[in-house]
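What follows is a set of notes on a single structure, which appears directly below.
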Amino acid sequence: MPTVVVVGSSVAGVRTVQALRSSGFGGRVLLVGEESELPYDKPPLSKQFLAGTWDTDKIRLLTAEQAADLDVELRLGVAAERLDVAGKQLHLADGSALAWDVVVLATGAAARPSPWRVGSGVHVVRTLADARALRDDLADEGPVVVVGGGFIGAEVAASAHALGHDVTVVDPLPTPIGRVVGDEVGEHFSALHARHGVDARFGTGVESVTGGAGDLTVTLTDGTSLSAATVVVGIGATPNDGWLATSGLLVENGVTCDQHCRAVDSPDVYVVGDLARWFHPGHEEHLRVEHWTNAVDSAVVAAHNIAHPDDLRSHEPVEYVWSDQYDWRIQIVGRPARATRHELVGNLDGATARGAVLYTDDEGRLRGAVTVNWPRALVTCRRLVSAGTGFADAVAQVRALPPARAAA
């Protein structure tokens, strides 16, 4: 029976080994991970884990017992160093090598490093070790400055505020996640911070961070300075593709793949999750998507195609991402950033916010939606985007949802 080696022990890698077994694959399966930790889920790191309401057991993706039940061999605490495609060998940092018939690359992405080098007190949040270190610092008193108003930054700000800290969020964009939802809708997210007493400095960048933990100074591009005990930098992520530089694979902002999650010109190499830049048949372009759901969906597709090579499936998802911030559950489906106009159904104001923003293009198609505290609208919008529904019809269907039962 063939051997499949899965490189990367986060959600994409774990879901791949699970889906291989559920798809009927009976060969040898190995899961390789750089971290010595048993696999864990990352979205809670900036929320429940950071706030102290969840422990490590709550975020565990795969225990040693579950791996044994799946007949999956774990090689944790050792990084992948080099991939020999022609020789079908994975070389590890401890000097060992693993032979494979099929390899699945799932090494994900890393937090973009902070450009400000200080001795201590400046954090990113991507790994469990990152979250533990930040949680330790947040156990002490003092103001927190978050650099970056995207999902990670906003979630960390909400968690730090819940722990009793004075929090300031700084971002050069005029509104948080404006690139995704547009500046007009982004203003509602600015108001969300303000309503919870978080100081939002949008439209302003950071020039420097100096000092050390407990006594940091953040100097902004408008000349003002902020005092902080702790600084958190959430300025994006970069694919973990450096170790593949000598592999011969096409590496360009991730590993370039076909619609079946196979690396181009290397049909025995599959790529899933944040590392994959795959061809989306519906959009007719290559995409790299840093969403939890994309990692899960691509893992299932790759596992099916490995187990059933004569029945290949395409990875053609409708994009979906969510974020929990303060008292809002924010869910985004489709591609709002590609739209030319939008319409709001419901409201996005204050503590009673429950609404959906639907986005369209010049051709009158529903391109995406953003919902706040309205699960039923989210389910409806996902279905409508997937079906290619016209914008006017989509708006009418969302307006027809019973408001009294909208959050049911």
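As the structure is a computational prediction, the values presented were derived from the model and not from experiment. Reckoned from all heavy atoms, side chains included, excluding hydrogens, waters and symmetry mates.
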Restricting to ring pair (Phe, Tyr, Trp, His ring centres under 6.0 Å), what partner residues turn up for Phe189, sequence neighbours left out? Trp328
Arg179: side chain to side chain donor-acceptor pair (under 3.5 Å) partners, not counting sequence neighbours: none
Is it the case that Trp100 and Asp268 place a side-chain donor and acceptor less than 3.5 Å from each other? no
For Asp101, enumerate each residue passing the side chain to side chain donor-acceptor pair (under 3.5 Å) test, keeping only those at least two apart in sequence or located in another chain. none
Side-chain donor-acceptor pair present, Ser9, Glu35, cut-off under 3.5 Å: no
Check whether any side-chain heavy atom of Arg75 lies under 4.5 Å from a side-chain heavy atom of Leu98, and answer yes or no. yes
Pair His260, Tyr270: side-chain N/O donor-acceptor within cut-off below 3.5 Å: no
For the residue pair Glu319 and His280, confirm or rule out a side-chain donor-acceptor distance under 3.5 Å. no
Pair Asp274, Lys42 - check salt bridge (Lys or Arg N to Asp or Glu O under 4.0 Å), show working. CA-CA 13 Å; Asp274 294 359; Lys42 290 183 176 178; over 6 Å; no
Tell me if a side-chain donor or acceptor on Asn240 pairs with a main-chain N or O of Thr107 at a distance below 3.5 Å. yes
Can you see whether Thr238 engages Arg112 through a side-chain donor-acceptor pair at a distance of less than 3.5 angstrom? no
Shortest non-hydrogen separation from Val233 to Val124 and the atoms involved: O-CG1, 3.6 Å
